[in-house]
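The block underneath contains the structure these notes are about, expressed in structure tokens.
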Amino acid sequence: MGAASPLARVAQEAASATKPGALTAALEAALRAVLDADHVRLLEISQDRRGASDEGQGADAYVRFEDGPSGTERVLETGRPFAVPDARNSDAIVADRAAQYGIASALFVPLVWGGQIRTVLFVAWSASREISQADIADARLLADQAAAGFARLEAEERRAAGSVQDRAVVRAARALGRSLDLQEILETLVEEAALALDADMSGFYLADLEHGGAVATAGFNVPSTWVGLRVEPGEGAAGRVLETGQAFISHDYQLLAGQLDHPIGDELLSALSVPIAWDDQLRGALSVAWKTRRHMHDEDLRTLEAIAGLATVSCRNAEAFEHVQHVARTDALTGVLNHGAMQLRIREEIARARRDGHPLGAVILDLDDFKGVNDTQGHAAGDELLRTVARALQGELRPYDQVARYGGDEFVLLLPGSDEAETAAVAERCRDAIGGKCSIGVAAWHEGLDADGLLEQADRALMLAKRTGKGRVAVANPEVERELALLQSRSGSPAAVQALAAAIEERDNYTHEHTQELVRLARGVAMMLGLDVDHVERIAHAALLHDVGKLAMPEELLEKDGPLTREEWEVMSEHPIVGERILARTKELAALAPIVRHEHEHWNGTGYPDGLEKTRIPVGSRVILACHAWVAMTTERPYRAALTPARAVSELRAGAGSKYDPDVIEGLLDLLGHDKPQVPDRAAGVKLAAAPPKEPTSRRGRSSEWAPGG
């Protein structure tokens with residue numbers, strides 16, 4: 001052929017080149033010189049033998065044999081060179097394509113190594129020519145020489161890659177053994193698989209054993225929209241694995257990606273997917289993918305299968321651990337959380353609420369008359385009722401809410417992100433979902449409450465709901481304590497009240513006269529608010545004992561003529577808390593304790609000791625605060641003169657809505673005769689035979705602002 005020099009250059013590159021590109025360039029130069037060729041390309045056969053790619057023309061230059069006649073496919077079928085002297089009119093290749101690229105004659109020659117045609121050499125001329133047997137022989141000689149070089153380079157590449165992959169498998173074994181959390185294991189799995197095979201992305205699809213198919217669960221180098229992608233058997237590379245249970249290789253991934261809404265499917269060209277199974281079930285598919293058409297060697301498949309096998313052991317261990325954990329935190333009868341698990345979750349959610357500033361609601365639900373079910377229908381019926389209730393409660397909750405069986409017939413609900421009103425609304429729905437045959441207590445977390453405190457508040461509300469007719473929802477607030485105290489003792493014992501009042505008078509001479517006026521006003525305002533008789537008397541007794549905490553105050557503070565210093569005031573401001581403690585120790589007076597504790601709370605939350613606001617303050621405390629202010633302002637003290645009634649009224653009106661309950665101020669001024677109702681005087685200008693009767697005292701009835709279930 002008279003071309004010893006070009007052949008020698010190809011032989012030299014075949015023996016010494018370190019990159020395929022150098023050998024390819026020598027081969028192209030030799031063919032142009034020996035055969036006077038205008039075009040030379042190497043067409044790499046896809047591993048599935050369904051197409052060929054021309055990397056020199058870019059990643060998208062891929063010919064699918066199914067799209068039309070192909071000289072490359074002819075060579076692949078026969079294993080022999082194929083000459084096309086008249087390319088533009090031949091039915092053996094796509095004529096339009098030949099015209100598009102200015103090709104008149106073409107020659108296709110196989111490059112074989114590893115027992116397979118791996119590449120087809122494409123030689124073409126712009127002008128028609130006869131392709132002689134000598135031309136074919138020269139092309140085949142150069143192709144065989146180059147094939148030997150490509151085989152050598154591939155062997156070296158596989159040895160290097162094998163070493164990397166071996167190290168990757170060892171690293172994966174260590175990494176996968178570090179956790180017993182299934183999601184962490186899967187995240188590690190996809191990262192190690194991608195690194196081991198130098199893949200552009202990887203993902204794990206977890207089989208949906210209940211509904212079939214699989215869901216994208218963990219990914220590496222994938223967009224966030226990929227997670228949650230669902231594949232059915234046969235869809236995509238992972239779907240082929242789910243369908244057959246066997247490994248799957250694709251060199252035309254774009255066709256597969258069209259079967260599902262893959263966010264980066266149009267960027268991927270090659271993919272390898274293997275099954276993962278444990279406990280005799282196919283549990284998912286591990287896939288790696290590239291943005292190039294990559295030939296998969298046996299080592300690649302073995303490496304991915306080895307990493308998948310390591311993951312299988314870790315996943316099985318994680319699932320067993322999770323099962324043990326699930327059993328440990330789940331109530332065996334109902335399947336919801338048990339007492340211990342809910343205690344842990346409450347602490348976790350309180351920490352999250354404190355960190356993020358989000359609300360948190362808690363509910364305690366107790367089945368009414370559950371014992372009767374067991375007694376009359378048997379324990380099996382009782383157990384089935386508990387399971388039914390648990391399912392009903394779960395049906396009313398969001399996915400991230402929690403429900404636990406907290407006792408025999410008691411359930412706790414934990415509602416992250418729900419404030420008091422939202423929690424109460426959920427509680428009402430839950431009550432309705434189980435036919436109203438339950439009592440419910442609701443509490444909202446606030447700073448200062450720990451897990452026990454939150455549950456205690458909900459439990460106190462539940463106690464009120466149980467004791468006031470059952471089948472109700474009660475919300476924890478100061479009124480709950482008032483109502484409970486009322487139930488425990490319908491009113492304070494007059495004898496006990498008078499005994500303590502006498503003790504207070506012995507300590508503070510100023511007390512008696514102003515306290516009697518305070519009691520009179522407090523009783524009258526309570527009546528103006530339309531409270532029931534027992535409630536009115538309880539407020540009157542609390543007014544009489546509002547200063548009971550001063551029994552524990554230093555005598556020099558009580559007898560001081562001038563205003564208190566800041567330090568002295570800090571001591572004196574403890575007297576409502578001390579008063580509560582004193583009253584709470586006596587059963588007959590316990591109902592008065594919450595009223596006395598909160599007598600200095602302000603309507604806008606600026607009072608003390610707890611900073612309560614609005615209707616969270618017991619109504620009795622609100623009444624005493626306003627009445628006490630009137631008495632104090634209109635009473636002369638050693639260090640200041642008394643205010644005139646008009647000035648005192650002005651002060652009360654100014655504080656309504658900020659310091660004082662506006663309704664209480666309205667009732668007090670009405671009682672004092674400073675806020676007469678604005679009604680027309682129909683007798684004006686009419687002469688009467690006798691003097692008109694005295695105007696009756698106005699009594700404006702108002703209902704209590706809180707009621708269980710309200």
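Quick caveat: nothing in here was measured; it's all calculated off a predicted structure.
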Hits for ring pair (Phe, Tyr, Trp, His ring centres under 6.0 Å) against His295, two or more places apart or cross-chain, chain-then-number order -> His297

Which residue pairs satisfy the salt bridge (Lys or Arg N to Asp or Glu O under 4.0 Å) criterion with at least one member in residues 196-223, sequence neighbours excluded? Asp208-Arg230

Residues that Arg152 engages under side-chain hydrogen bond (donor to acceptor under 3.5 Å, both in side chains), provided they are two or more places apart: Glu156

Return the set of residues passing ring pair (Phe, Tyr, Trp, His ring centres under 6.0 Å) with Phe108 (not counting sequence neighbours), or none when no residue passes. Phe122

Pairs in or reaching into residues 143-171: which pass ring-ring contact (aromatic ring centres under 6.0 Å, His included), with residues at least two apart or in two chains? Trp113-Phe150

Which residues pass the ring pair (Phe, Tyr, Trp, His ring centres under 6.0 Å) test with Phe65, not counting sequence neighbours? none

Contacts of Arg159 meeting salt bridge (charged side-chain N to carboxylate O under 4.0 Å, His left out) (sequence neighbours excluded), chain-then-number -> none

Sorted by chain and number, sequence neighbours left out, side-chain hydrogen bond (donor to acceptor under 3.5 Å, both in side chains) with Gln183 holds for Glu187

Are a donor atom and an acceptor atom from the side chains of Tyr400 and Glu349 found within less than 3.5 Å of each other? no

Any chance the rings of Trp226 and Tyr205 have centres within less than 6.0 Å? yes

side-chain hydrogen bond (donor to acceptor under 3.5 Å, both in side chains) involving Thr244 - partner list, sequence neighbours excluded: none

Could you tell me which residues satisfy salt bridge (charged side-chain N to carboxylate O under 4.0 Å, His left out) with Arg387, sequence neighbours excluded, listed by chain and number? Glu384

The side-chain hydrogen bond (donor to acceptor under 3.5 Å, both in side chains) partners of Arg140 (sequence neighbours excluded) come to none

Going by the rule side chain to side chain contact (heavy atoms under 4.5 Å, CB included), which residues pair with Asp419 if we only count those two or more places apart in sequence or in a different chain? Pro359, Ala421, Glu422

Please determine if Arg294 and Asp300 form a salt bridge, counting it only when a charged side-chain N lies under 4.0 Å from a carboxylate O. yes

